[in-house]
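Below, all heavy atoms of this structure are taken into account, side chains as well, without hydrogens, waters or symmetry copies. Every chain is numbered from 1 and lettered A, B, ... according to where its sequence line falls, protein lines coming before strand lines.
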Protein chains: 2
Amino acid sequence: MATRTDAPTRREQILKEAARLFAERGFHGVGVDEIGAAVGISGPGLYRHFAGKDAMLAELLVGISGQLLTGARRRLAEADGGPAGRDPEAVLDSLIEGHIDFALDDRPLITLHDRELDRLRDSDRKLVRQLQRQYVELWVEIVREVYPDLAEPAARSAVHSVFGLLNSTPHLGRAGALPGRGATAALLHRMARGAFGAAGTD
Amino acid sequence: MATRTDAPTRREQILKEAARLFAERGFHGVGVDEIGAAVGISGPGLYRHFAGKDAMLAELLVGISGQLLTGARRRLAEADGGPAGRDPEAVLDSLIEGHIDFALDDRPLITLHDRELDRLRDSDRKLVRQLQRQYVELWVEIVREVYPDLAEPAARSAVHSVFGLLNSTPHLGRAGALPGRGATAALLHRMARGAFGAAGTD
DNA sequence: CAGGGAGGTTAGCGCTCGTTAACCTGAAGG
DNA sequence: CCTTCAGGTTAACGAGCGCTAACCTCCCTG
């Protein structure tokens with residue numbers, strides 16, 4: 001487990017600020033000059049680090065999808081490696097926890113994730129879609145193990161809907177009135193489990 | 001109850017197509033020429049019906065928020081007008097049903113609703129935000145009647161999250177493999193109730 | 001039957017934005 | 001000490017877009 005202690009590179013600064021701006025005002029609503037200004041350089045200086053504005057968005061979206069999928073696979077492997085065979089309940093809880101962490105810690109990315117996909121080049125979009133699909137299918141598999149009386153199409157719909165629930169985090173923090181990160185995470189977790197449980201009750 | 005039988009006006013055609021295009025490619029990603037072409041006239045012809053591209057978006061967003069709020073108030077009044085005092089469970093079910101109908105029948109509008117709000121003039125944005133807030137507060141009130149052991153901030157978060165769940169409909173229809181409108185609506189309804197129920201379980 | 005407004009058309013202006021070109025600078029390496 | 005190169009700068013170009021201007025053509029009405 002590599003914990004970053006070194007300073008973020010300029011590329012990473014740019015990506016972070018670009019994600020924030022894209023999430024706030026949309027891909028077409030942000031100019032390269034603004035992105036540059038956000039990291040203290042001006043407009044065309046960005047082209048020393050990226051081939052173009054499109055490339056930034058592509059790297060962000062591919063990165064998000066890849067991180068989500070990789071994290072989910074890691075959690076699945078960890079649970080499967082346990083002594084007593086795989087415990088589907090524990091795996092599902094772990095998946096939910098991972099997704100919540102992501103939704104709470106990287107809200108701009110979560111926002112971009114299902115908002116700006118169409119602005120990508122065909123090849124990049126296909127890659128992102130493929131990663132997303134694998135992520136969904138991984139969830140569907142586990143959900144059907146926990147709730148066997150759930151048909152596959154219904155399970156897939158349920159997974160998408162729970163993603164909608166968990167990805168609602170950007171709408172929560174309008175005022176600072178939300179009850180702290182831990183409580184919010186626990187609330188989302190309970191609601192996700194409750195939604196899945198109710199989905200299985202025909 | 002006025003059921004429309006007359007043909008849609010040109011204005012309405014334009015709004016409908018603009019909503020679809022904005023939802024597909026974002027407000028800045030669509031040109032006025034495209035919107036015009038979608039209704040069979042060309043670019044600047046739109047200015048006979050709207051003051052500008054911004055005005056179309058504003059009318060769409062204000063319309064959505066207003067319809068949602070009006071519908072919710074009507075449902076609340078109908079339930080309150082019943083013989084045996086108000087039944088919070090029934091009201092909540094009715095609110096959920098109304099929101100699901102909207103999410104299933106007007107997916108482009110649902111998409112716009114939380115995506116392009118920032119592109120509005122200040123006054124329009126404030127109006128939309130106010131309508132949205134009233135809609136949320138109406139839900140919060142009913143939810144807290146059904147689940148009294150839910151504190152207000154948690155209830156508000158739960159409402160936003162359930163909106164995220166219900167508004168996931170645009171992500172469901174990738175392939176035509178979803179199990180029909182009725183089944184989808186029922187699934188979403190069960191999940192929403194399950195999520196609220198789990199939110200109340202501390 | 002005149003006339004006027006509703007609802008189109010095309011041409012074109014002005015601005016914004018992504019991108020490139022040309023140039024500069026400070027620090028590292030032989 | 002000279003070179004080189006990463007990482008900036010400003011100027012400017014070209015395309016696209018929202019919007020206006022000017023004009024046309026029905027259709028309705030007095």
Side-chain angles (χ1 to χ4, degrees), chain A residues 6-62 108 112 115-125, chain B residues 6-62 108 112 115-125:
Chain A
D6 47 339
T9 92
R10 176 68 14 130
R11 267 183 74 89
E12 288 167 334
Q13 289 181 44
I14 295 172
L15 283 176
K16 184 182 166 191
E17 294 303 310
R20 185 179 54 81
L21 290 168
F22 289 161
E24 282 175 7
R25 300 209 291 283
F27 179 69
H28 286 110
V30 180
V32 291
D33 290 355
E34 286 178 273
I35 303 173
V39 296
I41 71 181
S42 219
L46 297 171
Y47 287 76
R48 298 288 166 190
H49 304 275
F50 293 92
K53 198 181 158 195
D54 299 346
M56 300 180 209
L57 183 64
E59 188 156 330
L60 282 171
L61 292 184
V62 173
L112 283 185
R115 187 168 295 197
E116 307 285 359
L117 184 58
D118 313 318
R119 267 52 120 198
L120 260 51
R121 288 177 21 229
D122 274 22
S123 61
D124 289 324
R125 187 170 55 250
Chain B
D6 45 340
T9 94
R10 175 79 356 138
R11 267 183 73 90
E12 288 167 335
Q13 288 180 44
I14 295 172
L15 283 176
K16 184 182 166 193
E17 294 303 309
R20 184 179 55 80
L21 290 167
F22 289 160
E24 280 175 9
R25 299 209 290 284
F27 179 69
H28 285 110
V30 180
V32 290
D33 291 356
E34 288 179 273
I35 303 174
V39 296
I41 71 181
S42 216
L46 297 171
Y47 288 76
R48 299 287 166 191
H49 303 275
F50 293 93
K53 199 182 158 194
D54 299 346
M56 300 181 209
L57 183 65
E59 187 155 330
L60 282 171
L61 292 184
V62 172
L112 284 186
R115 185 169 299 195
E116 308 284 0
L117 185 57
D118 314 320
R119 267 53 117 197
L120 260 51
R121 290 177 19 229
D122 274 22
S123 61
D124 290 324
R125 187 170 55 249

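Looking at B:Arg125 and B:Asp122, their side chains come closer than 4.5 Å, going by heavy atoms from C-beta outward. At a threshold of 4.5 Å between non-hydrogen side-chain atoms, the residues B:Arg10 and B:Ile41 count as touching. Between A:Leu15 and A:Glu12 the shortest side-chain heavy-atom distance does not fall below 4.5 Å. A:Leu61 is not listed as a side-chain neighbour of A:Asp124, based on a closest heavy-atom distance of 4.5 Å or more.
The nucleotide range of DNA chain D contacted by chain B, defined by atoms under 4.0 angstrom from heavy atoms of the protein and reported 5' to 3', is D:dG18 to D:dC23.
Look at CZ on B:Arg10: it is 12 Å from C1' on C:dA6, rounded to the nearest Å. Distance, A:Asp33 CG to C:dT19 P: 12 Å, rounded to whole Å. Distance A:Leu57 CG to C:dG18 P: 12 Å, rounded to the nearest Å. For B:Gln13 and C:dG8, the CD to C1' distance is 14 Å, given to the nearest whole Å. Atom CZ in B:Phe50 sits roughly 16 Å away from atom C1' in C:dG8 (whole-Å rounding). Spacing between atom CD1 of A:Ile35 and atom C1' of C:dG18 amounts to 11 Å, rounded to whole angstrom units.
Shortest non-hydrogen contact noted between A:Leu46 and A:Gly36 is CD1-N, 3.8 Å. Shortest non-hydrogen contact noted between B:Ala51 and B:Ala55 is N-CB, 4.1 Å.
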Check residues 16-24 of chain A and write down every donor-acceptor pair under 3.5 Å in which the side-chain atom is one partner and the other belongs to a residue at least two apart or another chain.
{"unit_1": "A:Glu17", "atom_1": "OE1", "unit_2": "A:Arg20", "atom_2": "NE", "d": "3.2"}
{"unit_1": "A:Glu17", "atom_1": "OE1", "unit_2": "A:Arg20", "atom_2": "NH2", "d": "2.6"}
{"unit_1": "A:Arg20", "atom_1": "NH1", "unit_2": "A:Glu24", "atom_2": "OE2", "d": "3.4"}

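Residue A:Phe27 holds its CZ atom at 8.5 Å from CZ of A:Arg119, rounded to the nearest 0.5 Å. Taken from CE in B:Met56 to CD1 in B:Ile35, the straight-line distance is 5.0 Å, to the nearest 0.5 Å.
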> Dot-bracket, DNA chain D: Watson-Crick or G-U, under 3.5 angstrom, [ ] crossing, | other strand?
Replying inline: ||||||||||||||||||||||||||||||
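Residues from residues 36-48 of chain A placing a heavy atom under 4.0 Å of any atom in DNA chain C, listed by number, are A:Pro44, A:Tyr47, A:Arg48.
In terms of the ring pair (Phe, Tyr, Trp, His ring centres under 6.0 Å) criterion, B:Phe50 has no residue partners (sequence neighbours excluded).
Listed by first and then second residue, the salt bridge (Lys or Arg N to Asp or Glu O under 4.0 Å) pairs involving residues 39-59 of chain B are B:Arg11-B:Glu59 (not counting sequence neighbours).
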